[in-house]
There are 2 protein chains.
Amino acid sequence: MGSQAETEGYLPLSESTFFILLSLATSPKHGYAIMKDVQQLSRGRLHLSTGTLYGALKRLLEGGWITQIEEKSLPPTKRMRRAYALTAQGESILLAEIARLWELLQAAEERGFAKD
Amino acid sequence: MGSQAETEGYLPLSESTFFILLSLATSPKHGYAIMKDVQQLSRGRLHLSTGTLYGALKRLLEGGWITQIEEKSLPPTKRMRRAYALTAQGESILLAEIARLWELLQAAEERGFAKD
DNA sequence: CCTTAATATGTCGTATGACGACATGTTTTT
DNA sequence: AAAAACATGTCGTCATACGACATATTAAGG
């Protein structure tokens with residue numbers, strides 16, 4: 001039981017959200033680094049606009065999917081670099097989404113769209 | 001080359017659209033039959049509301065992803081059964097979406113989320 | 001027969017989220 | 001010193017999912 005039941009209601013993830021979570025799964029990053037990483041992850045296909053990115057980060061924080069990491073070593077400036085990390089909740093949701101994607105492809109295979 | 005270049009701009013498909021196209025890929029169906037079929041395809045996970053379904057069908061018709069099939073054998077009533085079929089364009093887009101889903105899972109695998 | 005369930009199609013309002021445009025600040029490189 | 005890259009954010013618009021509501025037709029059961 002546990003994680004699966006609690007995560008199902010949040011699916012499907014948008015493509016942006018999927019890549020943001022996947023990017024943070026490897027290591028914590030700040031916004032700009034996520035943007036660059038997602039471009040690589042998607043082989044250049046997805047270019048997150050800042051509107052999408054920071055809007056998404058705000059939502060993910062509010063939902064507890066990610067947390068903010070303090071960077072106390074840096075002096076406080078007006079625009080602070082804020083690093084984000086995936087929470088256990090966020091990872092559960094990402095895993096559930098990956099499972100969902102497999103199900104979509106299984107459904108496609110059942111209808112004759114083989115993995116070729 | 002053909003279909004791929006023209007279809008890229010339409011991705012990602014929403015989950016609803018993906019299942020509607022996949023359902024019509026097997027055989028033409030009318031709206032209600034699509035609704036039932038999608039429930040099976042998604043193993044009961046996705047229940048299309050009529051608002052989503054008929055809204056999507058309208059959009060897909062306008063975009064030329066599906067066409068309407070005449071059922072002239074039936075007498076004309078106020079609420080006609082309208083059957084829909086996938087067009088070549090629609091099938092190209094579905095194939096492109098399936099390829100995109102594979103890419104998402106490949107990206108997940110690259111980051112350590114193995115298939116199992 | 002008649003009534004109920006299943007089949008079938010549609011509209012409307014609301015909420016979410018992607019995205020481009022705009023705005024601004026900081027660090028590194030030339 | 002200037003320019004490029006790094007970095008964070010807001011705002012308005014558009015697309016679309018979805019539940020609620022409305023209605024019509026056909027099949028099945030009592």
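Below, read A as the first sequence line, B as the second, and so on, with proteins coming before strands; counting in each chain starts at 1. All heavy atoms count here, side chains included; hydrogens, waters and symmetry mates do not. Just so you know, these numbers come straight off a predicted model, no measurement behind them.
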Practice task
For A:G51, answer base if it contacts any base atom (sugar-phosphate contacts may also be present), sugar-phosphate if it contacts only those atoms, and nothing otherwise; contact means non-hydrogen atoms under 4.0 Å.
Solution key: base

Practice task
Classify the nucleic acid contact of B:S16 as base, sugar-phosphate or nothing, counting any heavy atom under 4.0 Å across all strands shown.
Solution key: sugar-phosphate

Fill in the blank from the handout: A:I20 CD1 to D:dT8 P, in whole Å, measures 13 Å

Practice task
In whole angstrom, give the distance that lies between atom NZ of A:K58 and atom C1' of C:dT16.
Solution key: 14 Å

Completion exercise
Testing D:dT16, C:dA18, C:dA6 for proximity to the side chain of B:R59, the answer is D:dT16

Handout entry: Nearest-angstrom distance from the residue atom NE2 of A:H30 to P of D:dG9
Key = 12 Å

Problem - Side-chain (A:E97) to main-chain (A:L13) donor-acceptor, under 3.5 angstrom - result: yes

Handout entry: Atom-pair distance (CG on B:L53; P on D:dA17), nearest Å
Key = 11 Å

Exercise for the section: Measure from CG on B:L57 to C1' on D:dA15 and round the result to the nearest Å. Expected result: 17 Å

Handout entry: Closest to side chain of B:Y32, choosing from C:dA6, D:dC18, D:dA5
Key = C:dA6

Handout entry: B:T50 (side chain) and C:dG10 (base): donor-acceptor pair under 3.5 Å
Key = yes

Handout entry: Presence of B:Y54 side-chain N/O under 4.0 Å of C:dG10 phosphate oxygens OP1/OP2
Key = no

Exercise for the section: Working to the nearest 0.5 Å, report the span between CZ of B:R111 and CG of A:L41. Expected result: 4.0 Å

Problem - Closest-nucleotide ordering on DNA chain C, the 5'-leading residue of B:G55 and B:A33 - result: B:A33

Completion exercise
Of the candidates C:dG20, C:dT9, D:dG9, the side chain of A:S49 sits closest to C:dG20

Exercise for the section: Answer yes or no: is there a donor N or O on one side and an acceptor on the other, between the side chain of A:S23 and the main chain of A:V38, under 3.5 Å? Expected result: no

Exercise for the section: Would you indicate what A:Y84 reaches in the nucleic acid, counting non-hydrogen atoms under 4.0 angstrom: base, sugar-phosphate, or nothing? Expected result: sugar-phosphate

Practice task
Mind checking the CE-OG spacing from B:M35 to B:S49? Nearest 0.5 Å is all I need.
Solution key: 8.5 Å

Completion exercise
Here the distance between atom P of D:dC18 and atom CG of B:L48, to the nearest Å, is 7 Å

Handout entry: Proximity to the side chain of A:T52 - top-ranked nucleotide from D:dA7, C:dA8, C:dA18
Key = C:dA18

Handout entry: Donor-acceptor pair, side chain of B:S92 and main chain of B:A88, under 3.5 angstrom
Key = yes

Exercise for the section: Provide, to the nearest angstrom, the distance between the NZ atom belonging to B:K36 and the C1' atom belonging to C:dA8. Expected result: 11 Å

Handout entry: Atom pair distance, as rounded to whole Å: CD in B:E15 and P in C:dG17
Key = 15 Å

